[in-house]
Amino acid sequence: MPRLFNRNFIVGVTGSIAAYKAAELTRSLIRDGANVRVIMTEGAREFITPLTMQALSGNEVHIDLLDTQAEAAMGHIELARWADVVVVAPASADTIARLVQGRADDLLGACVLATKAPLFVAPAMNQEMWAKKATQDNIQTLSERGATILGPDAGSQACGDIGAGRLLEPDHIVQAIADTLTTGALAGRHIVITAGPTREPICPVRYISNRSSGKMGYALAEACLNAGARTTLISGPVNCEPPVGVELIPVETTRDMFDASLSAAATADIFIGAAAVVDFRPESVSKDKIKRGGASSMDLKLIANPDIIATIASGHPRPQVVVGFAAETHNIVAYARAKLQEKALDFIFANDVSDQAIGFDSELNGGLLISRERETPMDVTSKLVLAEAIVAELSQSLDAL
Ligand code: C5P
């Protein structure tokens, strides 16, 4: 798996003689599995053409903040949300000063302000400009605000000077970013999560489903991403925003979820079944809308769907850790323990869905994380905080194996 697989990068290129090295940087990022969109400032375009960057990134280059056509295709807010990482390389003294001021009168400045993605800045300028207190203060400010400063290197410069101010080599920039992004407890691991309900059609307009909101599964995916994992989220129809960086596989029926889960689980270290899977489906699906007519009742024959998690947990090879969810209304621990055994799971998270505060669609959840050896109570809290706690336990158990 390439280090930056499926990570979305904005590469901001600014007006520096080192702008040509942004081409090599883009190639390296793509080789490492990243998706790259390039923003070029006006100055950058004096040194390297957008056509070069377009050909290398495979995407149209983003230039103007006020171009309605470009904004309609992918506006600055959309671009800012799309990014998992923003890297400004080369970053000129002027761009660094503008980022410190929070200027938003060009596309790069506006995107940096509008994004939640981590910011990496690789300065490149004449050694005298780099050494100036103004630049040093600006770099210090960016760093204090959370940006990672990469370089610069020292050596002979295009202007004939010798000193600090050369752009760090593109491969070193990629290495430094990959190191920063892959230091979480689940770095290098692949986690597959099912979430939400499934739907089983009866006819073209009706289906059988349940009240699962998907929030817990989506929170788990976010927690796994935050821990540095490659995260695949196989989701039934829900209204949740997929976390940035997740590999989302939307599905509808249980059999769709089954197929997607089996194929994703083949490379997974952990499989988490947080979906509320519909266990039975109509034996046959009517091609046309079923009309009531004068009928006072209707028979619907249902047949069993495959059990996704049980199939994965008893497969060979299987993910090292398989985790189920047990939403129960009574005898919670006993039912959950029985399920742990029957489905050959390593963990099961048991919760009481009869409790209104933590039931379906709630922002809160709590319960017991049960393994064969122990039970860990988890207090009611937000689903994301709970997900982080569950993921911390799972990554520990993975390390212990
Ligand atoms: O529905 P049940 O209470 O048996 O669900 C327990 C666990 O099994 C959950 O993690 C759920 O995602 C999983 N499951 C499954 N496939 C099914 C039914 C349930 O993966 N057909």
Side-chain angles (χ1 to χ4, degrees), residues 191-201 207-221 223-224 231-238 240 249-266 268 270-283 302-315 318-319 321-355 358-360 365 367-372 378 383 386-387 390-391 393-394 397:
I191 318 298
V192 176
I193 301 166
T194 65
T198 54
R199 274 183 192 169
E200 295 297 346
Y207 55 78
I208 300 171
S209 192
N210 59 59
R211 294 174 54 203
S212 169
S213 66
K215 285 178 187 164
M216 193 62 223
Y218 277 61
L220 284 161
C224 289
T231 307
T232 304
L233 181 60
I234 301 166
S235 174
V238 293
C240 303
I249 306 180
V251 293
E252 192 132 338
T253 68
T254 300
R255 281 172 301 167
D256 292 344
M257 186 174 272
F258 181 83
D259 292 344
S261 296
L262 259 57
S263 96
I270 303 179
F271 180 88
I272 308 178
V277 180
V278 175
D279 286 316
F280 292 92
R281 67 176 184 273
E283 187 177 39
L302 302 177
I303 55 169
N305 269 326
D307 191 312
I308 301 167
I309 207 165
T311 309
I312 285 171
S314 59
R318 92 201 260 283
V321 176
V322 180
V323 189
F325 271 69
E328 304 289 352
T329 52
H330 59 287
N331 272 352
I332 293 148
V333 178
Y335 278 128
R337 276 221 168 273
K339 234 169 247 181
L340 183 85
Q341 294 285 342
E342 276 161 31
K343 301 196 186 207
L345 309 178
D346 303 292
F347 288 92
I348 194 153
F349 186 81
N351 65 351
D352 180 356
V353 286
S354 70
D355 181 342
I358 61 172
F360 287 117
N365 200 1
L368 270 184
L369 186 64
I370 302 173
S371 68
R372 257 159 268 158
M378 299 206 161
K383 286 185 172 169
L386 177 68
I390 294 173
V391 166
E393 289 280 333
L394 301 182
S397 81

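Residues take their numbers from the sequence shown, with the count starting at 1. We count ligands from 1, going down the list as the structure has it; atoms in each ligand are counted the same way.
Across F271, F325, F280, heavy-atom proximity to atom 5 (O) of ligand 1 is greatest for F325.
Not one N or O of T194 is nearer than 3.5 Å to an N or O of ligand 1, by distance alone. At least one N/O-N/O distance between I309 and ligand 1 falls below 3.5 Å. Residue contacts with ligand 1: I308 is placed with a nitrogen or oxygen under 3.5 Å of a nitrogen or oxygen of the ligand (distance criterion only). Between G324 and ligand 1, a contact under 3.5 Å exists for no N or O pair. Inclusion of A274 in the set of residues having an N or O under 3.5 Å from an N or O of ligand 1 is not warranted. Where the criterion is an N or O separation shorter than 3.5 Å, residue side chain and backbone included, T254 fails it with respect to ligand 1.
A donor-acceptor contact shorter than 3.5 Å is absent between the side chain of D352 and the backbone of I332. For S235 (side chain) and G196 (main-chain N/O), no donor-acceptor pair under 3.5 Å exists by modelled atom type. No donor-acceptor pair closer than 3.5 Å links the side chain of N365 to the backbone N or O of L386. Using a distance-only test at 3.5 Å, with no hydrogens or angles considered, a donor-acceptor pair links the side chain of S209 to the main chain of T198. A donor-acceptor pair is defined here as one N or O able to donate and one able to accept, closer than 3.5 Å; no such pair exists between the side chain of R199 and the backbone of V251.
In this structure, D279 counts as a contact residue of ligand 1, since one of its heavy atoms falls inside 4.0 Å of the ligand. For the pair M257 and ligand 1, no heavy-atom separation below 4.0 Å is found. The shortest separation from a heavy atom of A326 to ligand 1 is not under 4.0 Å, leaving the residue out of contact.
No donor-acceptor contact under 3.5 angstrom links the side chains of T253 and Y207, judged on distance only.
With respect to atom 2 (P) of ligand 1, the closest heavy atom belonging to the protein is K339 NZ, 3.6 Å. Nearest non-hydrogen protein atom to atom 8 (O) of ligand 1 is K343 NZ, 3.0 Å. If you check which protein heavy atom lies closest to atom 10 (O) of ligand 1, you get G273 O, 2.5 Å.
With a 4.0 Å heavy-atom cut-off, ligand 1 is reached by the backbone of P306 but not by any atom from C-beta on. Residue-level proximity to ligand 1 for I348 is absent, since no heavy atom of it falls below 4.0 angstrom. By the criterion of a heavy-atom distance under 4.0 Å, both the backbone and the side chain of D307 are placed next to ligand 1.
Once rounded to the nearest 0.5 Å, the distance linking OG1 of T254 with CG of D307 reads 10.0 Å. For the atom pair D346 CG and F271 CZ, the distance stands at 12.5 Å (nearest 0.5 Å).
Here the options are I270, I272, I191, I312, the test is side chain to side chain contact (heavy atoms under 4.5 Å, CB included), and the partner is P319; only I312 passes.
Below 30°, between 30° and 60°, or above 60°: for F349 and F325 the angle between ring planes is between 30° and 60°, a tilted geometry.
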Report the C-alpha separation of E200 and L302 in whole Å, then their side-chain angles, then the decisive distance to 0.1 Å, and conclude whether the side chain to side chain contact (heavy atoms under 4.5 Å, CB included) test is met.
-> CA-CA 10 Å; E200 295 297 346; L302 302 177; over 6 Å; no
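Every atom of ligand 1 with a heavy atom of A275 under 4.0 Å away is listed here by number and element: 11 (C), 12 (O).
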